[in-house]
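Here the structure comes first, spelled out in C-alpha cells, and everything after it is commentary.
Worth knowing before you read on, the calculation uses all heavy atoms, side chains too, and leaves out hydrogens, waters and symmetry mates. These figures come from a predicted structure and were not determined experimentally.
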Amino acid sequence: MNGADEVRGRPDWRVLVVGGASGMGKTGVGRALARRYGVPVVEVDDLVEALLAVTRPEHLPEVHVWRTHPEAAHQAPESVVERQIAIARALAPAIEAVVANHVGTDTPVILEGDYVLPGPASLAGPVRAVFLHEDDEAQVAANYLRREPESGPQRHRARVSVRYGRWLAAQARAAGVPVLAPRPWEDLADRAAAEVQAGPGGAAVSRHAS
C-alpha cells in the first residue's frame, strides 16, 4: 500500500473539490484520495445527468447545449470554451447545494468534475479544493488516446481542454486554491493531499502548473 492509498482517518474537511478540465487526471486522483481518506466520490457528471433528466432545455439551456446543439462541440476552441464556462456557471447553484448539504450533515465527500468551480473553498474551512492543469496539448491528446483508444486522436478536444483548463486554473488561483501539474502521475495524490492539508502558511509542495 503506497501513501496515496493509506487511510489516514476522518479528514478535517467535509468537502474536497478536485477540479480541472477534461483529460487532466481528476478521476484517478479523486479515487486515490477517496481511498486515502475513506470517503465516497461524487462526480459532477452524475449531477449533470440528473438535471438533464428532470429539466427541459428552456429551463437550463446552457446545461442542455450539447444535446440541443451537438454541432457546437466541433466549433472553434474559443467558442466551445465559452459554452463550457457558461455550463459551469449555470451548474454552480446546484453544486453549491450539494456542498452545503454535506457540510450541514457532517458527511465528508470528494466532489470531482470538469464543471466544478472553486466556489466556497478556502485554505482552512470545511470546503477545500485542488485543481489540476496540464498545459501541454500533446500530453492531453495522449491521455485521451490512452483512455479512449477507440476514438482515435482527439486533438481538437485536447486543444479545447487546455484552454478551458487555463480559465479554471486562473479562477482557482484568484480564489487562493492550489493548482497542480498532474505530472509526475506517481505522486499526484500525495501532492494533492499535501496541498489540502497545508492550510494557511503551511508547507505546500511545489505546483509547477503554468
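- Among residues two or more places apart in sequence or in another chain, the side chain to side chain contact (heavy atoms under 4.5 Å, CB included) test is passed with E137 by R159, V162, R163.
- Linking ILVMFWY residues whenever their side-chain heavy atoms come closer than 4.5 Å, directly or via other members, leaves V160 and L145 in distinct clusters.
- The side-chain heavy atoms of R173 and H133, taken from C-beta on, include no pair separated by under 4.5 Å.
- Checked against side chain to side chain contact (heavy atoms under 4.5 Å, CB included), P40 has the following partners two or more places apart in sequence or in another chain: V109.
- Side-chain contact between L33 and V18 is present, with at least one heavy-atom pair separated by less than 4.5 Å.
- Residue G20 comes nearest to L168 through the heavy atom pair C-CD1, 3.6 Å, listed as atom of the first residue, atom of the second, then distance.
- Residue pairs meeting the salt bridge (charged side-chain N to carboxylate O under 4.0 Å, His left out) criterion with at least one member in residues 49-69, sequence neighbours excluded: E49-R67.
- Legend: salt bridge (charged side-chain N to carboxylate O under 4.0 Å, His left out) pairs involving residues 12-23, not counting sequence neighbours, sorted by first then second residue: D12-R128, R14-D106.
- Considering CZ of R147 and OG1 of T27, their distance stands at 6.5 Å, rounded to 0.5 Å.
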Go through the steps for I95 and V17 under the test side chain to side chain contact (heavy atoms under 4.5 Å, CB included), then give the verdict.
-> CA-CA 11 Å; I95 293 172; V17 171; over 6 Å; no

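- In this structure, a donor-acceptor pair under 3.5 Å is absent between the side chains of Y164 and S22.
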Taking only distance into account, with no hydrogens and no angle test, what donor-acceptor pairs under 3.5 Å do side-chain atoms of residues 113-123 form with protein atoms, sequence neighbours excluded?
| from | atom 1 | to | atom 2 | distance (Å) |
| --- | --- | --- | --- | --- |
| D114 | OD1 | K26 | NZ | 2.7 |
| Y115 | OH | W66 | NE1 | 3.3 |
| S122 | OG | G125 | N | 2.8 |

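- Nearest heavy-atom pair across V179 and A172 is CG2-CB, 3.7 Å.
- Counting heavy atoms of neighbouring residues, nucleotides and ligands inside a 6.0 Å radius, atom CZ of R155 does not exceed 12 of them.
- Here E112 contributes atom CD and D45 contributes atom CG; the two are 7.0 Å apart, rounded to the nearest 0.5 Å.
- Side-chain atoms of R183 never come within 3.5 Å of backbone atoms of E134 as a donor-acceptor pair (strictly under, hydrogens ignored).
- A continuous path of hydrophobic side-chain contacts links W185 to V130 [ILVMFWY only; heavy atoms under 4.5 Å].
- H102 places a side-chain N or O within donor-acceptor distance of the main-chain N or O of T107, the cut-off being under 3.5 Å.
- Of all heavy-atom pairs between L52 and H64, the closest is CD2-ND1, 3.5 Å.
- Taking CG of N143 as the start and CD of Q154 as the end, the distance is 11.0 Å to the nearest 0.5 Å.
- Summarising the geometry of A181 relative to L188, their closest heavy-atom pair is O-CD1, 4.1 Å, with the distance given to 0.1 Å.
- Contact record, V29 with A189: CG2-CA, 3.6 Å, taken as the closest heavy-atom pair.
- In this structure, L132 and P182 approach most closely via the heavy-atom pair CB-CG, 4.4 Å.
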Show the atom names and distances, to 0.1 Å, of all donor-acceptor pairs under 3.5 Å that link a side chain in residues 69-82 to residues at least two apart or in another chain.
| from | atom 1 | to | atom 2 | distance (Å) |
| --- | --- | --- | --- | --- |
| Q75 | OE1 | S79 | OG | 2.8 |

L91/L51 under side chain to side chain contact (heavy atoms under 4.5 Å, CB included): CA gap, chis, key distance, verdict | CA-CA 9 Å; L91 287 171; L51 288 173; 3.4 Å; yes

